[in-house]
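Input: a single structure, listed below in structure tokens.
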Amino acid sequence: MNTHQFLIMGIPALIALAGGILAAFWTPSHSTRSLIQHFAAGVVLAALAVELLPEISREHAPDLVLVGSFALGSLFMYALKLWTMRMEHAASLSGAAKGLSTGLLLATFIDVATDGFIIGAGFAAGGETGTILALGLSVELLFLGLALTSSATAGWRIVGISGALGLTVLCFAVLGNFLLAGASHAVIGGTLAFSAAALLYLVTEELLMEAHEVEEKPISTLVLFGGFLTFWSIQLAGS
């Protein structure tokens, strides 16, 4: 890993912090937060469709490795969902203060760790994949702070959470690049397949489910596609 790659890896971390600072001065309404979550979901879907899945194909890893890694990632995220549901149930029984969903927060940290590892794997795979993923996923991280604000999580507390998210994505990007540098195509392909399952979980089981807890507006569909188009545009500009 050279200095240029490290600086690119640092962009999502800084963007995440910027999103938290913005959220400290502006608390969006429930409907606005729903639109933000739709946009972030579109970005993640685009990362899967236009960059991550094609990169997995380019690695030419054995089919069994890819299928097994994706299945393992799915089982891991399913176990995570069961665990977070149990924590939230225990919190409700104890009368804990309501606010930011513990499950969503934990899943988000795992998501950004996965994002970071994907970025590191992209640089390990070579080409412009790492740079495109770093820039594209920065859009998701910018809006995470706003999407995670609540009555109990706002002000400078959300800045701290966003800063921690940024540090997480940077650390895991460096870790991913270090561990996968010089790795075989099967290892990189399997890692990306596992990560694809984690990102798909974030979209279907967290972002969109949380977004649909409020009355959905027709424009939400356009916002979802707008998020997809934003990432795709970044990918096309970098290719």
Side-chain angles (χ1 to χ4, degrees), residues 6-47 84 88 91 96-116 119 133-173 199 202-203 206-231 233-234 237:
F6 180 78
L7 292 176
I8 296 296
M9 292 178 187
I11 293 176
L14 293 176
I15 294 296
L17 180 60
I21 294 174
L22 177 60
F25 297 97
W26 175 51
T27 302
S29 64
H30 291 293
S31 59
T32 301
R33 190 158 63 246
S34 175
L35 293 177
I36 292 170
Q37 288 169 323
H38 275 87
F39 186 89
V43 171
V44 177
L45 285 174
T84 53
E88 291 176 358
K98 292 184 179 180
L100 178 61
S101 166
T102 302
L104 177 59
L105 182 60
L106 179 59
T108 301
F109 267 95
I110 292 177
D111 166 61
V112 297
T114 302
D115 288 349
I119 292 170
L133 285 172
L135 295 177
L137 292 176
S138 292
V139 178
E140 173 203 354
L141 290 167
L142 174 63
F143 291 99
L144 272 179
L146 295 175
L148 293 175
T149 52
S150 69
S151 58
T153 308
W156 291 106
R157 184 180 178 188
I158 199 64
V159 176
I161 293 176
S162 298
L165 289 172
L167 184 60
T168 298
V169 73
L170 176 60
C171 289
F172 274 84
L199 292 181
L202 174 77
V203 173
E206 293 296 342
L207 286 174
L208 291 182
M209 286 188 66
E210 290 280 336
H212 292 160
E213 288 185 356
V214 299
E215 184 178 356
E216 186 174 356
K217 298 180 179 179
I219 196 174
S220 298
T221 302
L222 289 179
V223 173
L224 177 70
F225 284 108
F228 191 103
L229 183 60
T230 297
F231 185 94
S233 298
I234 293 174

Measure the [atom1]-[atom2] distance between [X] and [Y] for me, rounded to the nearest 0.5 Å.
X: F6; Y: L170; atom1: CZ; atom2: CG; value: 5.0 Å
X: L133; Y: S138; atom1: CG; atom2: OG; value: 10.0 Å
X: L17; Y: L22; atom1: CG; atom2: CG; value: 11.5 Å
X: L137; Y: T114; atom1: CG; atom2: OG1; value: 10.5 Å
X: L229; Y: L224; atom1: CG; atom2: CG; value: 11.5 Å
X: D115; Y: I110; atom1: CG; atom2: CD1; value: 12.0 Å

Next on the checklist: If you apply the rule side-chain contact (heavy atoms from CB on, under 4.5 Å), what do you find for M9 with I119, and how did you get there?
Outcome noted: CA-CA 7 Å; M9 292 178 187; I119 292 170; 4.3 Å; yes
Over all atoms of both residues, closest heavy-atom pair of [X] and [Y]:
X: G227; Y: V43; answer: O-CG2, 3.4 Å
X: F231; Y: A46; answer: CB-CB, 3.5 Å
X: F109; Y: V112; answer: O-CG2, 3.2 Å
X: G166; Y: A13; answer: O-CB, 3.1 Å
X: I158; Y: A23; answer: CG2-CB, 3.8 Å

Checklist entry - Among all residues two or more places apart in sequence or in another chain, which pass the side chain to side chain contact (heavy atoms under 4.5 Å, CB included) test with L135? => result I11, T131, I234
Item to check | Contacts of type side chain to side chain contact (heavy atoms under 4.5 Å, CB included), residue F225, not counting sequence neighbours | outcome: T221
Item to check | Contacts of F39 that satisfy ring-ring contact (aromatic ring centres under 6.0 Å, His included) - sequence neighbours left out | outcome: F143
Item to check | Within 6.0 angstrom of F228 CZ, more than 12 heavy atoms from elsewhere | outcome: yes
Checklist entry - If you draw a 6.0 Å radius around CD1 in I219, do more than 12 non-hydrogen atoms from other residues or ligands fall strictly inside? => result no
